[in-house]
Amino acid sequence: MTQNTDFDTPIDRTGTYCTQWDYVQDRFGLPGLLPFTISDMDFAVPEPVLAALKQRLAHPVFGYSRWNHDDFKSAISHWCQSRFGCAIDKQHVVYGPSVIYMVSKLIEQWTEPGQGVVFHTPAYDAFDKMITGQGRACIHSPLVNRQGRFEIDWGDLERKLADARNTLFLLCSPHNPTGRVWSRDELQTLADLCERHHVRVISDEIHMDLCFKPHTPYVGFGPSNHWALVTSASKSFNIPALNGAWALIPCPQAREQYLHKLKDVDGLSSPAILAVLATIAAYHEGATWLDALNSYIRANHVYLQETLHKAFPEISYQLPDATYLAWLNLRPLKLNMAELNQALIEQFHVAIMSGEVYGEAGRGYLRLNLGCPRAKVEQGVAALIQAIKLQR
């Protein structure tokens, strides 16, 4: 099937109840801003995904459905093997309505109220909200910025894992917002630390396909009752509005308890059928499109790097390992970030996520979404440069 890999042509998303475009005023105060905000893309989904959805929509009945069948599980197994060289046991696969829902249910199962969940910062803001909302403690282990590349502070991490009150580590792999892909050696060291201190691991790998270097899934690191991997095709193929995710839970007891919560407690065992079909199509036929997408996004990162460095040599933006999210360190410019954000909104009509959204470690940073046509990137970067110049 022909792949629609034209990422340059803009697609008007306004009027589609789109969070990023139609509801930008909710977060930034003004309507009609050019948004580089939440993590979805401005690109059309792959043709095989559209074809699968159209075929299902041609049938006029949308009754309850199932996910626990070989078509769904085999598509996931095929993707893990073909994309990452990772063999999985299909019996470990479970469905969920979203990654955050599945992570939340596992936190609920593997911790008690008052216990700590350790994770790296800066971090996706939903982590703090989800963990504190369940009465657990957020235990932050800050990553260290070493000349633009973020590294794990192993001493700090082990001290926090060694605290008996902390029973779970929430890994973000690849890491949002820094774009780090963790090496196999780093993952093994992390697994060894967690096993030593009797800490379970949940690996959120929703950005696993949006990589510019090899990604290693957190599969088989440590005992089977010590880990789970949670992810989705939603970021990779730009289908988050379809609502669907999956996980690998190798421990039979943990898997059954999760499924009990999904079906008997929360009443969510009937999946969003369009998400199931989109995932199957994407994993069987979306690789060519995804390769082209990653090349395009990396080129957007290169454009940002070169353009910013030309305007401000003090900014040394290092290309990330993964994601269409640029984590911009503006601290060397010693700016008033509140005034910068105000200027971007009010004078240049551009919305960019403030780094403070991702915690104290994000002060002095911006998170810029580059999952969009180059022309939009150019417009946003030009506005950012002009807004910075106003502050200097």
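What's counted below: heavy atoms across the whole structure, side chains too, no hydrogens, waters or symmetry copies. The first residue in the sequence is number 1, and the count goes up from there.
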Q: Applying the 4.5 Å side-chain criterion to the ILVMFWY set and letting contacts propagate, would Phe212 and Phe84 be lumped into a single cluster?
A: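 Yes, because Phe212 and Phe84 connect within a single hydrophobic cluster, where side-chain heavy atoms sit under 4.5 Å apart.
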Q: To the nearest 0.5 angstrom, please state how far the OG atom of Ser74 sits from the CD atom of Gln81.
A: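 If we round to the nearest 0.5 Å, Ser74:OG and Gln81:CD are 12.5 Å apart.
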Q: Between His301 (side chain only) and Thr323 (backbone N and O only), is there a donor and an acceptor less than 3.5 Å apart?
A: yes
Q: Quick check: is Leu34 connected to Leu308 through a chain of hydrophobic side chains (ILVMFWY, heavy atoms under 4.5 Å apart)?
A: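 In one cluster with Leu308: Leu34, yes.
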Q: I'd like to know if the side chain of Gln134 pairs up with that of Ser104 as donor and acceptor (distance under 3.5 Å, no hydrogens or angles considered).
A: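 Result is yes, a qualifying pair exists.
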Q: Name the residue from Leu106, Val117, Leu171 that meets the side-chain contact (heavy atoms from CB on, under 4.5 Å) definition with Ile202.
A: Leu106
Q: CG/Asn341 to CZ/Phe28 distance, rounded to the nearest 0.5 angstrom?
A: 7.5 Å
Q: Under the ring pair (Phe, Tyr, Trp, His ring centres under 6.0 Å) rule, collect the residues that match up with Phe348, sequence neighbours excluded.
A: none
Q: Using only atom types and a distance under 3.5 Å, with no angle test, would you say the side chain of Arg367 pairs donor to acceptor with the backbone of Gly355?
A: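 The answer is no, because no donor-acceptor pair under 3.5 Å joins these two groups.
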Q: List the steps, then state whether side-chain hydrogen bond (donor to acceptor under 3.5 Å, both in side chains) holds for Gln20 with Asp40.
A: CA-CA 8 Å; Gln20 182 163 194; Asp40 70 5; 2.6 Å; yes
Q: Ignoring hydrogens and angles, state whether a donor on the side chain of Asp6 or Thr9 is under 3.5 Å from an acceptor on the partner side chain.
A: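 The answer is yes; a qualifying pair exists.
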Q: Ignoring hydrogens, what is the shortest heavy-atom contact between Tyr218 and Val201? Give both atom names and the distance.
A: OH-CG2, 3.6 Å
Q: Check the pair Leu143 / Asp153 against side-chain contact (heavy atoms from CB on, under 4.5 Å), numbers first and verdict last.
A: CA-CA 6 Å; Leu143 297 173; Asp153 184 336; over 6 Å; no
Q: Quick one: do the Thr14 and Asp12 side chains pair a donor with an acceptor below 3.5 Å?
A: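 Yes, side-chain donor-acceptor contact under 3.5 Å.
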Q: For Ser141 and Asp156, test the side chains for any donor-to-acceptor distance below 3.5 angstrom and give the result as yes or no.
A: yes
Q: Only pairs at least two apart or in different chains count here, so list each salt bridge (Lys or Arg N to Asp or Glu O under 4.0 Å) that has a residue in residues 265-284.
A: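 Checked against salt bridge (Lys or Arg N to Asp or Glu O under 4.0 Å) - neighbours excluded - the pairs reaching residues 265-284 are Lys105-Asp266.
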Q: Against Cys138, only a single residue in Val118, Ile131, Leu170 fulfils side-chain contact (heavy atoms from CB on, under 4.5 Å); can you say which?
A: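 When side-chain contact (heavy atoms from CB on, under 4.5 Å) is applied between Cys138 and each of Val118, Ile131, Leu170, only Ile131 qualifies.
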Q: Rounded to the nearest 0.5 Å, what's the gap from NE2 on His92 to OG on Ser224? Could you check?
A: 7.0 Å
Q: Where the side chain of Ser232 meets the backbone of Ser234, is there a donor-acceptor pair that is under 3.5 Å apart?
A: yes
Q: State which residues pass ring pair (Phe, Tyr, Trp, His ring centres under 6.0 Å) with His198; sequence neighbours excluded, sorted by chain then number.
A: none
Q: Kindly check if the number of other-residue, nucleotide or ligand heavy atoms within 6.0 Å of OH (Tyr17) is above 12?
A: no
Q: Does Arg200 reach the main-chain N or O of Thr167 with its side chain, forming a donor-acceptor pair under 3.5 Å?
A: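 Between the backbone of Thr167 and the side chain of Arg200 there is no qualifying donor-acceptor contact (under 3.5 Å).
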Q: Any idea which heavy atoms bring Pro46 and Phe237 closest together, and the distance?
A: CG-CD2, 3.7 Å
Q: Spell out, yes or no, whether Val350 and Val357 are grouped together once hydrophobic residues are joined by side-chain heavy atoms under 4.5 Å, including indirect joins.
A: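 Hydrophobic grouping puts Val350 apart from Val357.
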Q: Counting only heavy atoms not in Tyr124, do more than 12 fall under 6.0 Å of its OH?
A: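 Check fails, neighbour count at 12 or below.
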Q: Can you see which heavy atom on Leu274 is nearest to which on Arg56, and at what distance?
A: CD2-CG, 4.0 Å
Q: Counting only heavy atoms from other residues, nucleotides and ligands, does the tally under 6.0 Å from CD of Glu151 exceed 12?
A: yes
Q: Please enumerate all residues that pass ring pair (Phe, Tyr, Trp, His ring centres under 6.0 Å) together with Trp182, with sequence neighbours excluded.
A: His120
Q: More than 12 foreign heavy atoms under 6.0 Å from CZ of Arg374: is that the case here?
A: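 Enclosed.
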Q: Any donor-acceptor pair under 3.5 Å linking the side chain of Asn300 with the backbone of Val377?
A: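 Absent.
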Q: Can you list the steps and then say if Trp67 with Trp246 is a side-chain contact (heavy atoms from CB on, under 4.5 Å)?
A: CA-CA 10 Å; Trp67 60 268; Trp246 57 271; over 6 Å; no
Q: Hey, could you give me the OH/CD1 distance between Tyr324 and Ile297, rounded to the nearest 0.5 Å?
A: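 The CD1 atom of Ile297 is 7.5 Å from OH of Tyr324, to the nearest 0.5 Å.
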Q: What pairs with Asp163 under salt bridge (Lys or Arg N to Asp or Glu O under 4.0 Å), at least two apart in sequence or on another chain?
A: Arg165
Q: Just verifying a value: how many Å separate Gln109 CD and Gln253 CD, rounded to the nearest 0.5 Å?
A: 9.5 Å
Q: I would like to know whether Thr279 and Tyr95 meet side-chain contact (heavy atoms from CB on, under 4.5 Å); could you show each step before the answer?
A: CA-CA 11 Å; Thr279 299; Tyr95 162 88; over 6 Å; no
Q: Arg136 side chain to Thr111 main-chain N or O, any donor-acceptor pair under 3.5 Å?
A: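 Yes; judged by distance alone, with no hydrogens or angles, the pair exists.
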Q: What pairs meet the salt bridge (Lys or Arg N to Asp or Glu O under 4.0 Å) rule with one or both residues in residues 87-98, with sequence neighbours excluded?
A: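 Salt bridge (Lys or Arg N to Asp or Glu O under 4.0 Å) check on residues 87-98 returns Asp70-Lys90.
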Q: Would you find more than 12 non-hydrogen atoms of other residues, nucleotides or ligands less than 6.0 Å from Arg298 atom CZ?
A: no
Q: Yes or no on side-chain contact (heavy atoms from CB on, under 4.5 Å) for Thr307 and Ile385, after CA distance, side-chain angles and deciding distance?
A: CA-CA 9 Å; Thr307 306; Ile385 288 171; 3.8 Å; yes
Q: Within the side chain of His140, is there an N or O that forms a donor-acceptor pair under 3.5 Å with the backbone of Pro142?
A: no
Q: If only atom types and distance count, is the side chain of Asn238 paired as donor or acceptor with the main-chain N or O of Pro240 below 3.5 Å?
A: no
Q: Assess, by modelled atom type and distance only, whether the side chains of Glu205 and His215 contain a donor and an acceptor separated by less than 3.5 Å.
A: yes
Q: Is it possible for you to say whether Phe62 and Leu53 belong to one hydrophobic cluster, with membership spreading through side-chain heavy-atom contacts below 4.5 Å?
A: yes
Q: With a cut-off of under 6.0 Å to the ring centre and 45° to the axis, is Lys376 in cation-pi contact with Phe36?
A: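 Yes, Lys376 lies over the aromatic ring of Phe36.
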Q: The test is side-chain hydrogen bond (donor to acceptor under 3.5 Å, both in side chains); show your working for Glu158 and His197 and say whether it passes.
A: CA-CA 9 Å; Glu158 181 162 20; His197 298 295; 3.1 Å; yes
Q: Can the ring centres of His226 and Phe221 be said to be less than 6.0 Å apart?
A: no
Q: Kindly work out whether a path of hydrophobic side-chain contacts (I/L/V/M/F/W/Y, heavy atoms less than 4.5 Å apart) joins Ile345 to Ile388.
A: no
Q: Given the side-chain rings of Tyr358 and Trp327, with only the six-membered ring counted for Trp, is the space between their centroids under 6.0 Å?
A: yes
Q: Is it the case that the side chain of Asn4 and the backbone of Glu47 share a donor-acceptor pair, with hydrogens and angles ignored and the cut-off at 3.5 Å?
A: yes
Q: Got a salt bridge between Arg196 and Asp192, using NZ or NE/NH1/NH2 to carboxylate O under 4.0 Å?
A: no
Q: Return yes if some donor-acceptor pair links the side-chain N/O of Asp42 with the main-chain N/O of Phe7 below 3.5 Å, else return no.
A: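 It does not hold such a pair.
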Q: Just how far is it from atom CH2 of Trp110 to atom CD of Gln257, taken to the nearest 0.5 Å?
A: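 Rounded to the nearest 0.5 Å, the CH2-CD separation comes to 10.0 Å.
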